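Only one structure is covered here, and it is reproduced in the block below.
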Amino acid sequence: MPELDKTYTPSEVEARWYQQWLDDKCFQADPARVSEKRPAYSIVIPPPNVTGILTLGHVLNNTIQDILARRARMLGKEVLWLPGTDHAGIATQNVVEKTLKKNGEIKHRDDLGREKLVEKIWEWKDKHGGIIIQQLKKLGASCDWSRERFTMDPEYSRCVQRVFVDLYKKGLIYRGKRMVNWCPSSLTALSDEEVIMKPQNAVMYYFKVEVIEEPGTWLTIATTRPEVIPGDQAIAVNPNDPRYAHLIGKHVRRPLPVEDQAPLPIIGDEHVDFEFGTGVLKVTPAHDKADFEIAQRHNLPAVDVMHPNGVLNELAGKDLAGMERFAARKRAAELLAEIGSLVKEEPYQNNVGYSERADVPIESRLSEQWFLKYPSTQPSQEVVAKGDMRFFPERWAKVYDHWMGGLQDWCISRQLWWGHRVPVWRKTIAIDESDTPTKENKETQSLVDSLLSAASSDSPATPTNGAVEVSLSKIDAQSSSCRLHLHGEGGMVVEAASTSVAEMRWLEEHGFTQDPDVLDTWFSSWLWPFATMGWPDKSDDLRAFYPTTDLVTGPDIIFFWVARMIMAGYEYMGEMPFKNVYFTGIIRDKQGRKMSKSLGNSPDPLEIIAKYSADALRFGIMRSAPLGQDILFDEKNVELGRNFCTKLWNAARFRQMQSSDDWQSSSNASSKSETTITNRGYVAEAEINPALLSSDDKWIVLRLNTAITEVSTALDEYRFSDATHTLYRFFWTEYCDWYIEASKATLQGNDSARKANTLAVIDFVLGHTLRIFHPFLPFITEELWHGMGFNTDMPDNQGGKSIMFAPWPKPLDQDELAHFGILPEDEQTANDKYKTVELGRGLKSTFNISKKVRFVLKPAQELPAHEIEVLRILLNAEPLDVDAAFTPKKGTPVALTPLGELFLPLDGIIDVDAERARVSKEVAKVEGELAKVRAKLADENFTSKVPQKVLDEHKQRETDWSAQLDKLRAMLEALV
RNA sequence: GCACGGAUAGCUCAGUGGUAGAGCGGCUCGUUUACACCGAGUUGGUCGGGGGUUCGAAUCCCUCUCCGUGUACCA
């Protein structure tokens, strides 16, 4: 057994073991090894952004996954934890564009052009991307790095295209001109999920307009956005509103732009709430979703008065054009005031949608985008509702169900260059004017002809939007994935979606141009559980590891990612993508505030690891992360984790310091037991002889049993924090504070047979302890596993090579306990002893004695010599006399213990007053308890109605308390 | 607005009908041959307020307040 260093140096140990694990390919999954006896266990990592760096959120999330993966390995499963990153369209393009601008390389992305910019982003990605992957390794993540994936890998991209074209063919993906959420900062459309509502302190502006047909009649209109008044197309009132109904059909003059005060119709629309504001609504179709809908009902045009970047355009009039939207708002209010239209301004609280990424208010904007009607919604909703897929904590199932019940089509196109470009090509053709009959045109014409003939044949298979499907199979015989889509407005727009390279080439050669948009990053990550495993092939990986077992993620992406993965899983694999979903809490600082860059309250996990070790960070964060609640991060918890590792290290060193040749030889001679525990996957250096087990030995084995059971159950139920609490209690309090201290009675004695036996128990307990700790503290447990030689004599794949493959401990069963002669009541024997020790220590403390001192025990029953020695050591007594006939001097402090009266004879230095005060306090307490229980027993209502068991308990309680009280009163009298 | 969580010791949290718990912190001791990143002792709570059910409520029911999350939004 090599000697352990006096101090533990985590940085060296952690780096060394991680490299060793990689060299030994410990994390690599092999589908060929999966069998009935060796079931698969799989997790796919929530892919972090390729631009990202490790945050505490990642630490929490990935520590949990690592714990699950490592425990699964110890349970003998074939484990795949599949890692990777996503391309994070907006974030990544932003980062690179910003860098290029900062370096003065470009002023605008157009300076480079699409191809060059994408090239630059790839360069950047290769150079700086994936830092987070290296950081995860520092944390100890046992991912199968040989399977690392990126959402823009060529194979992955093909999956994305394939899915797009498939959904397009099914008519679930369509292009439409709609009001979308527009981010004026990123200059792209966003999905509803990327918009967060924030309460604002805004201003409500009231302005008045005169009814043209009724001079002198004024309408007052309330608005928070006067800057878009130039885009107003009508004034709407509720037709049932008696105040205004008669005005419907008349007109008012729009106040802005001042130089173009056009007349606007007054229309009636049920949407208008006459309770709200003035009951008169201005209708700005191009800048408000609800207004747009009103406009559609009344055939009003949508006039956009804003550039995409939020600057007002010429249509806003000379006063506002060129102004940024918020400056324009103030200016518009001033203009209203100048022309005498402004009535009043009031402070007003409202909610405004913000772009989640750019953190600027979004604009509702009319634009042409791609939308997806979600597929496989029914099985996806059912699987969670029925509980076939389980959410932890369960309440997220309701949130999921609610969202699934009100699905809106998903806007999947983004006006970016970094991402998967929409695989659709388009060409506008003037059918009747094929004036230049080139070869290309002829071929296209023939396609169009076939389209038209198909359309005229009234094919019932015709999908939505009047589109007709035509195969391009003559171009690429293998592909039938192409579909032509015919729009009939003005010229013909022929549209083809394709994944075939040959088809793409043909389309481009024939003057088709590809759609410039890219797809939402989530449109690629929703395929993650299978696109990372070789889909669409029926790969070995998919067969072995799909559906995955657990998914661990934050509830903030339940809709973005989790829900969509479930739908994609059903649509493309016909099965759920994972069986359990564990939602972590949100990491907050110790004041409960969210971690944020601007607050500067998000510590760098790597700095924490450098300061305390990865094990410490893992343990600390798991200890403070109860299921279903937010985590208040406090570095104190990491400190506690580090202290715990140190304790573990020192306890192991203590064991080593006991080892020497003389006990080994004597143990061999004395150990007569046939019992080995090799069947538990662990060979102790010496066998345990049941005949030599002390009450403390039996106690710690029982406590270990409890700990194993509790930790196993907690992990089964994803209660990681509970598991760490058990580990902490068991190891620190039960093993170190009580068992090791008690065992010193044997270890410091001279009975070498007993000594060897105690060491065998210690080894047994430590060997098990390291294993139940391993998922939480992978590094230090591995170091100690080897450092203490627990790996020797074990098969390579059962703990010989690494503790991560050592079998997960099971508690001793009845037969095994019987073999060791351990009975449940043995726990009480030791507990009584420890209780006695606590009371004795309390006496010492009361009388301010810190040195070794004489105790006298007047035993209630006879005690074996060994037990007395344990008591002596734990009490730090010198000596501990056991004397059944002891008669104390007046005023000798005494404690009533389960083992008898324990006296602290203080020759000559008795402080009678202090003792009287102490005992009086005890008396008062016991009198209180006794009064409570007697009151209950005296209550007819209580005694007649309560179950017998409870009644007996109360009677026993009364007996105990009154016996205690008698003794205490006697003590008090002796002090007088 | 609606829905769901939460409120227990100074702090973080266990505790789902029968004597209120743990860790940390605080305080007091203590260099006893694993560990001061330690040990021993000790302090500390009318379980958010009010009402109800019950012999008995932190626990079950109703109601209110505050905090958090999700969701819907009206200018």
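Computed from a prediction, not measured in an experiment: that's the story for all the values here. Chain naming here is simple, since letters A, B, ... match the order of the sequence lines and numbering starts at 1 in each.
Within the 6.0 Å centre-distance limit, the rings of A/F583 and A/W396 are counted as a close aromatic pair.
At a threshold of 4.0 Å, the pair A/D232-A/R254 does not count as salt-bridged, since none of the basic side-chain nitrogens sits closer than that to a carboxylate oxygen. A salt bridge links A/E363 and A/R225; the closest N-O separation between the charged side-chain nitrogens and carboxylate oxygens is under 4.0 Å.
Among the heavy atoms of the strands lying under 4.0 Å from A/H402 are primed sugar atoms or P, OP1, OP2 only; no base atom is included. Counting non-hydrogen atoms under 4.0 angstrom, A/D288 reaches nothing in the nucleic acid. Among the heavy atoms of the strands, none lies under 4.0 Å from A/E275.
Across the strands present, B/U69 finds its partner in B/A3; the criterion is a Watson-Crick or G-U wobble pair with both atom distances under 3.5 angstrom. Shown here, B/C11 forms a base pair with B/G23; the pair counts as Watson-Crick or G-U wobble because both key distances fall under 3.5 Å.
At a cut-off of 3.5 angstrom, counting only N and O atoms as typed in the model, there is a donor on one side and an acceptor on the other between the side-chain of A/K647 and the base of B/C35.
Closest contact between the side chain of A/R395 and the listed nucleotides B/C35, B/C4, B/G18 involves B/C4. The nucleotide whose nearest atom lies closest to any side-chain atom of A/R841 is, among B/A40, B/C13, B/C55, B/A40.
For B/U19 and B/A34, the C1' atoms lie 38 Å apart once the distance is rounded to whole Å.
Relative orientation of the A/F619 and A/F773 rings is tilted, given thresholds of 30° and 60° on the angle between their planes.
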